[in-house]
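Structure record follows, encoded as C-alpha cells.
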Amino acid sequence: DAPVIGNTKEAEDGTLTMMISTAKADCVERSDIRDVLACMAQKVHHISGPLGSALKVKLLNQALCGIHIAAAAEIMGLAAVMALDTKRFFKYVTGQGAELGRRQDCWSWMFEDCVPRMLDDELPQGFAMRNVIRDVRIVNNEAERFGAQLNLCKESQFMYEEAMEMGFEDADDS
C-alpha cells in the first residue's frame with residue numbers, strides 16, 4: 001500500500017511524497033527498499049497500521065486539500081469584493097512575521113500554494129480541476145461507505161462540479 005502525493009513535474013523529478021503501510025513494518029527500513037523508494041519520492045512516510053492504512057491517510061489528506069482550496073478561493077474572492085489589495089492581504093497572512101498573527105496559526109499549505117496562482121495567471125499550472133473533483137468524489141464516496149457525514153467536503157464537491165460545468169476541468173485547481 002503506497003499512495004503518492006504530487007503532480008506530474010514531481011513525478012518526473014522523483015520528488016513525490018509517498019506513504020507506505022505494510023504488514024511487515026521493518027521492510028520499509030531496509031536500505032535496498034529505501035533506495036528504490038528514494039528514486040520516486042523525496043519524502044517517504046511509514047504509516048503504522050495494517051495494509052490500507054496509507055491509502056486511508058491519503059484519503060483524509062485529499063479531503064483537507066479539497067476543503068482548503070475551496071476555502072482559499074472564497075476568502076480571496078471576498079477580499080477582492082471588499083476592495084482589499086489581495087496581494088497585500090496574501091502577504092499579511094503568509095509572509096515572514098505575518099501581520100495577522102503568528103504564521104503557523106493562520107494559514108493552510110493550500111492557501112499558500114494556490115493563492116499565488118489565483119493572483120497571477122502567468123504562473124505555471126499546479127493541479128487540474130478535474131483531478132481535484134475526482135479526489136473529492138472519492139473522499140465523499142468513502143465517507144458514505146463508512147456512514148460518515150462530511151458537510152464541508154460535500155459542499156466543496158458541489159463547488160468543483162459547478163466549475164466543471166462552466167468548462168474549467170483543465171484549469172488550475174486554484
Side-chain angles (χ1 to χ4, degrees), residues 1-75 93-94 98 101-118 124-161 163-164 169 172-174:
D1 177 26
V4 298
I5 296 174
N7 57 33
T8 303
K9 180 168 179 6
E10 290 166 331
E12 290 168 353
D13 295 344
T15 58
L16 295 166
T17 296
M18 183 179 288
M19 294 164 285
I20 309 269
S21 61
T22 175
K24 297 179 181 179
D26 61 334
C27 80
V28 178
E29 300 307 318
R30 287 183 25 199
S31 62
D32 57 334
I33 292 173
R34 298 259 326 137
D35 290 345
V36 170
L37 296 175
C39 293
M40 297 178 279
Q42 188 172 35
K43 297 176 188 169
V44 178
H45 302 283
H46 179 255
I47 307 299
S48 60
L51 280 173
S53 296
L55 187 58
K56 290 174 183 174
V57 168
K58 176 172 178 167
L59 184 79
L60 296 173
N61 181 71
Q62 295 312 109
L64 287 169
C65 292
I67 292 166
H68 286 195
I69 293 168
E74 282 196 352
I75 295 305
V93 175
T94 62
R102 291 194 326 244
R103 178 179 172 166
Q104 63 269 26
D105 293 339
C106 61
W107 68 283
S108 80
W109 184 86
M110 282 297 179
F111 188 83
E112 189 167 353
D113 179 66
C114 292
V115 171
R117 292 190 309 278
M118 290 177 195
Q125 181 167 335
F127 207 55
M129 185 71 67
R130 69 180 132 53
N131 296 324
V132 175
I133 185 80
R134 178 202 62 216
D135 289 347
V136 171
R137 283 178 179 148
I138 291 169
V139 169
N140 284 321
N141 290 338
E142 283 297 295
E144 253 180 55
R145 194 169 72 83
F146 282 94
Q149 184 77 11
L150 299 181
N151 295 327
L152 289 173
C153 204
K154 268 285 194 217
E155 196 58 40
S156 72
Q157 180 177 332
F158 295 140
M159 292 173 69
Y160 297 125
E161 286 171 348
M164 298 286 280
E169 58 273 350
D172 188 89
D173 61 0
S174 65

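For the single chain, residues carry numbers from 1 onward in sequence order.
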Item to check | Test side chain to side chain contact (heavy atoms under 4.5 Å, CB included) applied to L59 and I138, step by step | outcome: CA-CA 8 Å; L59 184 79; I138 291 169; 3.7 Å; yes
Checklist entry - Where do C114 and S174 come nearest, in terms of heavy atoms and distance? => result O-CB, 3.4 Å
Item to check | Minimal non-hydrogen separation, M129 against D173, with atom names | outcome: CE-O, 3.8 Å
Item to check | Spacing of CZ belonging to R137 relative to NZ belonging to K154, to within rounding of 0.5 Å | outcome: 10.5 Å
Next on the checklist: I need the E155 CD to L152 CG distance, nearest 0.5 Å.
Outcome noted: 8.5 Å
Next on the checklist: So does I20 get a backbone contact from the side chain of D1, meaning a donor-acceptor N/O pair under 3.5 Å?
Outcome noted: no
Item to check | Side-chain heavy atoms of V44 within contact of R34, under 4.5 Å | outcome: yes
Next on the checklist: Donor-acceptor check, side chain of Y160 to backbone of G66, threshold 3.5 angstrom: yes or no?
Outcome noted: yes
Item to check | Candidate pair M18 and H45, rule side chain to side chain contact (heavy atoms under 4.5 Å, CB included), full reasoning | outcome: CA-CA 6 Å; M18 183 179 288; H45 302 283; over 6 Å; no
Checklist outcome for this item: d(K56 NZ, L51 CG) to nearest 0.5 Å is 10.5 Å
Checklist entry - Minimum heavy-atom separation for G6 to F127, with atom names? => result O-CE1, 4.1 Å
Item to check | Approximate separation, where rounding is to 0.5 Å, of E161 CD and E169 CD | outcome: 13.0 Å
Item to check | Heavy-atom closest contact (A143 atom, L150 atom, distance) | outcome: CB-CD1, 3.5 Å
Next on the checklist: Test side chain to side chain contact (heavy atoms under 4.5 Å, CB included) on Q62 and V136; report intermediate values, then the result.
Outcome noted: CA-CA 7 Å; Q62 295 312 109; V136 171; over 6 Å; no
Checklist entry - When rounded to the nearest 0.5 angstrom, what is the spacing between CD1 in I47 and NZ in K58? => result 12.5 Å
Next on the checklist: Walk me through whether L64 and M110 qualify under side chain to side chain contact (heavy atoms under 4.5 Å, CB included).
Outcome noted: CA-CA 9 Å; L64 287 169; M110 282 297 179; over 6 Å; no
Checklist entry - Of the non-hydrogen atoms in P124 and R117, which two are nearest, and what is the gap between them? => result O-CD, 3.1 Å
Checklist entry - If you round to the nearest 0.5 Å, how far is SG of C65 from CG of D135? => result 8.0 Å
Next on the checklist: Show the nearest heavy-atom pair for residues S21 and G52, with the distance to one decimal.
Outcome noted: OG-N, 3.4 Å
Next on the checklist: Could you check whether Q125 and D172, counting side-chain N and O atoms only, form a donor-acceptor pair closer than 3.5 Å?
Outcome noted: no
Checklist entry - So, E142 versus N140: side-chain donor-acceptor pair below 3.5 Å or not? => result no
Next on the checklist: I'd like to check M19 versus H46 (side-chain heavy atoms, cut-off strictly below 4.5 Å). Are they in contact?
Outcome noted: no
